[in-house]
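Data first, discussion second: the structure below is written as structure tokens.
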Amino acid sequence: AIFVIAPWRSSFPTPVYEWNGHFYALTENEADWESAEAEAVFYGGHLITINDENEQAFVERTFFAPRDQAFWIGLTDAEKEGAWHWVSGQPIEYTAWEFRGEPNNVRWRHPVTGQTIDEDYAVIHRHFEAQSPRRRSGTWNDVKSVPNDDRIMPYHGIMEFESDPR
């Protein structure tokens with residue numbers, strides 16, 4: 001007889017940080033936006049809702065490393081183009097879009113399928129200032145997300161929880 005033992009975790013898969021009564025963690029792996037949100041929901045939360053400059057500053061202090069990177073946040077207009085909303089259901093009270101004109105929904109034609117893909121999901125960027133002098137770190141951008149497609153960069157998501165997920 002062959003027995004398969006599934007791995008069991010005795011703790012949450014990534015470090016958890018507490019701030020202002022909420023708990024935050026990165027998704028375990030880089031993935032498309034939908035998978036990152038699914039992981040957050042699995043653990044009882046959502047991708048992060050950034051409500052003000054203080055929460056924005058917390059995210060930058062906690063998750064940004066000294067290199068260019070981006071993280072999924074819980075802002076999307078996938079259901080209706082131009083109708084941005086937080087997946088947590090909270091109202092949009094604060095934004096930090098990267099440039100004037102963002103979100104801009106630059107459309108992209110998939111090189112294999114020919115499908116036109118919209119920029120329906122938001123990321124928060126950490127820009128290495130020497131390489132991106134025009135870009136301010138911590139700004140947001142709308143980007144595309146295609147599940148299981150290695151032509152489109154996956155990101156870690158920042159998950160937010162109302163109680164400790166561990």
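Since we're looking at a predicted model, the values are computed, not measured.
Between Phe71 and Leu47 there is no side-chain heavy-atom pair separated by less than 4.5 Å. Taking the side chain as every heavy atom from C-beta outward, Trp140 and Ile50 approach each other to under 4.5 Å. Residues Asp120 and Glu81 form a side-chain contact, since some pair of their non-hydrogen atoms from C-beta on lies under 4.5 Å apart.
The closest donor-acceptor contact from the side chain of His85 to the backbone of Pro91 lies at 3.5 Å or more, if one exists at all. Counting only distance, with no hydrogens or angles, the side chain of Glu93 and the backbone of Asn51 share no donor-acceptor pair below 3.5 Å. Side-chain atoms of Trp33 never come within 3.5 Å of backbone atoms of Lys144 as a donor-acceptor pair (strictly under, hydrogens ignored). Judged by distance alone, with hydrogens and angles left aside, the side-chain atoms of Asp32 form a donor-acceptor pair with the main-chain N or O of Glu34 at under 3.5 Å. Listed for the His156 side chain is a donor-acceptor partner under 3.5 Å among the backbone atoms of Thr27. No donor-acceptor pair closer than 3.5 Å links the side chain of Thr76 to the backbone N or O of Tyr121. A donor-acceptor pair under 3.5 Å is formed between the side chain of Thr14 and the backbone N or O of Leu26. At least one donor-acceptor pair closer than 3.5 Å links the side chain of Glu119 to the backbone N or O of Val106. No donor-acceptor distance shorter than 3.5 angstrom exists from the side chain of Glu160 to the backbone of His22, with no hydrogens or angles considered.
Glu18 CD to Asp164 CG: the interatomic distance, rounded to the nearest 0.5 Å, is 7.5 Å. Taken from CE in Met159 to CD in Glu39, the straight-line distance is 4.5 Å, to the nearest 0.5 Å.
Closest approach of Ala96 and Gly138 over heavy atoms only: CB-O, 4.3 Å. Closest approach of Thr49 to Gln90, counting heavy atoms only: CG2-OE1, 3.7 Å. Between Ser88 and His46, the closest heavy-atom pair is CA-CD2, 3.9 Å. Smallest separation of non-hydrogen atoms from Gly114 and Arg109: O-NH1, 2.5 Å. The minimum heavy-atom distance linking Pro15 with Ala25 is given by the pair O-CB, 3.4 Å. Between Glu102 and Asp142, the closest heavy-atom pair is OE1-OD1, 2.6 Å.
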For side-chain contact (heavy atoms from CB on, under 4.5 Å), just list the numbers for Glu55 and Asn20, CA-CA rounded to whole Å, side-chain angles, deciding distance to a tenth of an Å, and then say yes or no.
-> CA-CA 9 Å; Glu55 192 168 16; Asn20 202 28; over 6 Å; no
Please assess Asp77 against Asp118 for the test side-chain contact (heavy atoms from CB on, under 4.5 Å), listing each intermediate value before the final yes or no.
-> CA-CA 10 Å; Asp77 76 341; Asp118 290 336; over 6 Å; no
side-chain contact (heavy atoms from CB on, under 4.5 Å) assessment of Gln56 paired with Ile124 | CA-CA 9 Å; Gln56 173 88 14; Ile124 183 172; 3.5 Å; yes
Go through Trp72 and Val143 one step at a time and tell me if the side-chain contact (heavy atoms from CB on, under 4.5 Å) criterion holds.
-> CA-CA 10 Å; Trp72 295 121; Val143 298; 3.4 Å; yes
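With sequence neighbours left out, Glu53 forms a side chain to side chain donor-acceptor pair (under 3.5 Å) with no residue at all.
Between Trp84 and Trp97, the distance separating the two ring centers is shorter than 6.0 angstrom. In summary, the aromatic rings of Phe58 and Tyr17 are positioned with their centroids too far apart to meet the 6.0 Å limit.
Of the residues Tyr24, Phe23, Phe12, the one that meets the ring-ring contact (aromatic ring centres under 6.0 Å, His included) test with Tyr43 is Phe12.
Counting non-hydrogen atoms of other residues, nucleotides and ligands closer than 6.0 Å to CD of Glu162 gives a total of 12 or fewer.
Cluster membership check: Ile92 shares its hydrophobic cluster with Tyr94, using side-chain heavy-atom separations under 4.5 Å among Ile, Leu, Val, Met, Phe, Trp and Tyr.
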